[in-house]
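Here's the structure we're looking at; comments come further down.
In this text the structure is predicted, and so the values were computed from the model without any measurement. Naming convention: chains lettered A, B, ... in sequence-line order (proteins, then strands); numbering from 1 in each chain.
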Amino acid sequence: MGAVFALITVVAFVLVVYLGVGVAGLHFLFGVIIPYVAFFTFLIGMIYRVIEWARSPVPFRIVTTCGQQKSLSWVKRNPLESPYNNFEVALRMFLEVVFFRSLFRNLKAEIKGRNLIYGSYKWLWLFAILFHYSFFIILLRHFRFFAYPVPKVIDGLNQLDAFLHIGLPHFYITDALILAGLTFLFVRRLADPKLRYISLASDYLPLFMIYGLVISGILMRHFFKVDVVGVKELTMSLVHFSPKVPQGIGTIFFIHLFFISALMAYFPFSKLVHMLGVFLSPTRNLANNSRAKRHINPWNQPAKFKTYCEWQEIFYEQLVESGQPIDEDCPQVKERKKAEGAE
Amino acid sequence: MYDTGKILAFIGAFVVFVSTPFWSNFGKAAFEPHPKLPTQYKECVESKEFMRADHMKLLRLWRYDVVRKEQRIYVNSKGETYPISLQNECMRCHTSKKEFCDQCHNYVAAHPYCWNCHISPEERKGWASKESLKKVSTEEASSELPASHH
C-alpha cells in the first residue's frame with residue numbers, strides 16, 4: 001500500500017540523519033552539501049519543467065469553461081467562467097491561485113437509500129486553504145534566519161503569528177493550522193474508499209514529508225531545544241556562500257533541514273510542481289475565443305483539396321450530359337460562357 | 001518554445017523570489033552576535049549548552065514557580081541552590097541587557113516580553129540620572145517606557 005511505503009521512506013529519512021549526524025558526525029554533509037544540492041536541484045528542476053511545458057504546442061483553445069461564452073450582444077455572458085480576453089483570464093487565474101475557486105465548487109456524491117445525491121462539500125476547500133496559507137506564512141517567517149537585520153514585515157508577521165503568547169518561545173498559530181490541514185488531507189485519502197483506491201505512494205509521500213518537516217520544526221522550537229543563534233550562523237553562512245557549521249546544534253535541527261532538503265529536491269519530480277504548473281495549465285491560462293479568432297495548428301501540412309468549382313470543371317461534360325444542375329457562379333463556368341460567346 | 005517572452009518573465013520572477021536569501025545578502029558582511037559574558041563569574045546556574053538552548057524555558061519555569069507556587073529557590077542539576085530572580089540574580093552577573101540579552105535576541109529577531117514588567121539594569125540607571133528626573137513628567141519620557149506601562 002502506498003501509505004505504508006511513504007511512511008517507511010519518511011522514517012528512513014529520520015534514521016539516516018540520526019545515524020549520519022548523531023552517530024557518524026557528518027555535520028558538513030547534512031548541514032551544507034545536501035541543502036545546497038537540494039536547492040539547486042529545486043531551482044534548475046523547476047525551470048526545466050516550465051521550459052518543457054512551454055515547448056509543448058497547444059494549438060487550440062482547450063479552456064475548461066462552465067459558463068456562457070461571449071456570443072451575440074444580447075446573450076448574457078459569464079466573463080469569469082468563460083474568459084474571452086487575457087484580462088479575464090488573469091482575473092480567473094488570480095481567483096484560482098489565491099482563493100482556490102474551483103475547489104470551492106467541490107461536490108460530494110453519496111448514495112442515500114436508492115438515490116444518488118450530490119451535495120456541497122466545502123471541507124476540502126477550507127483545509128486546503130488552511131494548509132497552503134499556513135505553509136506560505138511559515139515559509140515567509142523563516143526569512144528571519146536569512147536576513148540581518150530582519151525586515152520589519154517579516155518580524156511583524158512573526159509577532160502576529162505568535163500573538164497568543166502561549167508558552168515560551170511563543171507558539172505559532174500557523175503551526176497548529178498546518179497540522180490541521182495536513183491531517184484532514186491525509187485522513188480524507190484514508191476515509192473515502194474511492195479516494196483510497198486511487199491514492200498512490202506519490203500522494204502520501206509529500207504529505208508525510210511535510211508532516212515530518214512540521215513536526216520536527218515544532219519539536220525543535222518547543223521540546224528538544226537547539227541553539228538558535230548557531231542555527232542562524234549556519235543559515236547565514238549558507239547564503240553568504242562561505243558555509244561553516246557551528247558546534248553544538250542538536251540533531252533535531254539536521255532532521256528538520258533534511259526534510260526541507262528532501263522536499264525541495266523532490267519538488268520538480270512530483271505532484272508538488274503544481275506550484276508553478278497551475279499557471280501553465282492550458283485549460284486555465286487560455287482565453288475561450290475559438291469562435292472569434294481562428295487558431296491554426298502550426299504543424300498542419302498544406303492540405304490538397306479541390307473546390308466544388310474545380311471538381312465541376314473536371315466532370316463538366318458528364319454533368320451536362322446527365323442533366324445535372326451546373327453552378328453558374330463558378331469562375332470556370334463564366335470563362336466557358338465567355339469563350340462560347342466569343343465564338 | 002512558445003510565448004518565449006512571457007515564459008522568460010515568469011521564470012525570472014520565480015528565480016528572483018526563490019533566491020531572495022542569496023541576493024538580499026549579497027555583499028553584506030556576515031554579522032555575528034557577541035554577548036558580553038561576566039568576567040568574574042565562570043558558571044551560570046546550569047551548563048553553558050543548556051543555557052544557550054533552554055534559558056527561556058528555565059525562566060518560564062521560574063516565573064511559574066514564583067507566581068503560582070511561591071517557590072523562590074531553584075535547585076540546579078548539580079544540587080546547588082539559587083534564589084529565583086531575573087532582576088536580582090540573573091542580572092547580578094549579566095549586568096547589561098543591551099550587551100548580553102539583546103545581542104542574540106536582536107540577531108534572531110526574538111522578542112521576549114520579560115522587560116515589559118521587569119526593570120533592566122539600563123533602565124534603572126536611567127531613572128537615577130538627573131536628566132531622566134528632569135523629563136520624568138514629559139510625554140517624551142513616558143513614550144520611552146515599554147508598552148505595558150502605557
Side-chain angles (χ1 to χ4, degrees), chain A residues 39 42-43 46-47 50-59 141-151 154-155 158-159 162 165 167-170 220 222-233 235-242 244 246-250 264 275-276 279-280 285 298, chain B residues 1-35 46-64 101 103-114 116 147-148:
Chain A
F39 178 76
F42 171 73
L43 195 64
M46 294 298 263
I47 293 172
V50 170
I51 289 174
E52 278 295 291
W53 286 324
R55 279 160 53 90
S56 317
V58 185
R141 267 198 349 229
H142 276 74
F143 193 63
R144 82 178 167 117
F145 292 107
F146 297 96
Y148 184 80
V150 178
I154 303 297
D155 200 13
N158 259 294
Q159 294 190 51
H165 283 198
L168 206 71
H170 299 320
M220 175 164 59
H222 296 286
F223 299 97
F224 312 129
K225 304 289 300 171
V226 295
D227 175 14
V228 73
V229 172
V231 169
K232 183 153 181 179
E233 276 170 12
T235 55
M236 290 304 277
S237 78
L238 286 177
V239 295
H240 277 115
F241 292 109
S242 55
K244 66 173 204 298
Q247 290 293 307
I249 304 177
M264 280 196 295
M275 172 188 174
L276 294 185
F279 296 101
L280 273 95
N285 66 10
Chain B
M1 198 159 82
Y2 300 89
D3 291 318
T4 311
K6 283 182 200 166
I7 293 293
L8 289 183
F10 180 64
I11 291 176
F14 172 71
V15 171
V16 167
F17 176 71
V18 172
S19 62
T20 308
F22 293 99
W23 57 256
S24 65
N25 279 299
F26 187 76
K28 283 187 195 167
F31 174 87
E32 278 182 24
H34 293 289
E46 295 284 358
S47 73
K48 191 176 171 184
E49 288 70 36
F50 178 86
M51 293 311 286
R52 273 196 170 190
D54 285 74
H55 65 274
M56 69 295 282
K57 287 176 86 175
L58 182 73
L59 288 171
R60 186 163 179 265
L61 181 77
W62 279 17
R63 183 181 67 182
Y64 184 82
C101 309
Q103 285 288 318
C104 297
H105 287 162
N106 287 346
Y107 184 56
V108 298
H111 302 281
Y113 51 18
C114 313
N116 284 14
S148 62

Contact class of [X] relative to chain B, heavy atoms under 4.5 angstrom:
{"X": "A:E52", "value": "neither"}
{"X": "A:M264", "value": "neither"}
{"X": "A:F39", "value": "side chain"}
{"X": "A:P57", "value": "both"}
{"X": "A:H222", "value": "backbone"}
{"X": "A:S56", "value": "backbone"}

* Asked: Does a salt bridge link B:R52 with A:D227, judged by any charged N lying under 4.0 Å from a carboxylate O?
  -> yes
* Asked: Would A:D155 and B:H111 count as a side-chain contact (heavy atoms from CB on, under 4.5 Å) if you check the C-alpha gap in whole Å, the side-chain angles of each, and the deciding distance to 0.1 Å?
  -> CA-CA 9 Å; A:D155 200 13; B:H111 302 281; 2.7 Å; yes
Given that the side chain runs from C-beta out, which part of [X] has a heavy atom under 4.5 Å from chain A: side chain, backbone, both or neither?
{"X": "B:D3", "result": "neither"}
{"X": "B:F17", "result": "side chain"}
{"X": "B:F50", "result": "neither"}
{"X": "B:F26", "result": "neither"}

* **chain B interface, residue from A:V150, A:L276, A:L280, A:V228 that has the most non-hydrogen pairs under 4.5 Å** =>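 Going by pairs under 4.5 Å, I would pick A:L276.
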* Asked: Looking at A:S242, A:G167, A:G248, which has the largest count of heavy-atom pairs under 4.5 Å with chain B?
  -> A:G167
On a heavy-atom basis, which atom in [X] and which in [Y] lie closest, and how many Å separate them?
{"X": "B:N25", "Y": "A:H240", "answer": "O-NE2, 3.5 Å"}
{"X": "B:M56", "Y": "A:P169", "answer": "CG-CD, 3.7 Å"}
{"X": "B:P21", "Y": "A:F146", "answer": "CB-CB, 3.8 Å"}

* Asked: Just wondering, do B:S19 and A:L43 contact through their side chains at under 4.5 Å, heavy atoms?
  ->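 The answer is no, as the side chains (C-beta and beyond) never meet within the 4.5 Å cut-off.
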* Asked: A:H170 versus B:Y113: any side-chain heavy-atom pair under 4.5 Å?
  ->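 Counting from C-beta outward, A:H170 and B:Y113 do come under 4.5 Å.
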* B:K28 atom NZ, over 12 foreign heavy atoms within 6.0 Å -> yes
* Asked: Should we count OH of B:Y64 as having more than 12 external heavy atoms under 6.0 Å?
  ->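 Not buried by this count: 12 neighbours or fewer within 6.0 Å.
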* Asked: According to the interplanar angle, ranging from 0 to 90°, do the rings of A:Y148 and B:Y107 count as parallel (below 30°), tilted (30 to 60°) or perpendicular (above 60°)?
  ->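 Geometry flag for B:Y107 against A:Y148: tilted rings.
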* To do: Determine, stepwise, if the pair B:F14 / A:F279 fulfils ring pair (Phe, Tyr, Trp, His ring centres under 6.0 Å).
  => CA-CA 12 Å; B:F14 172 71; A:F279 296 101; 10.0 Å; no
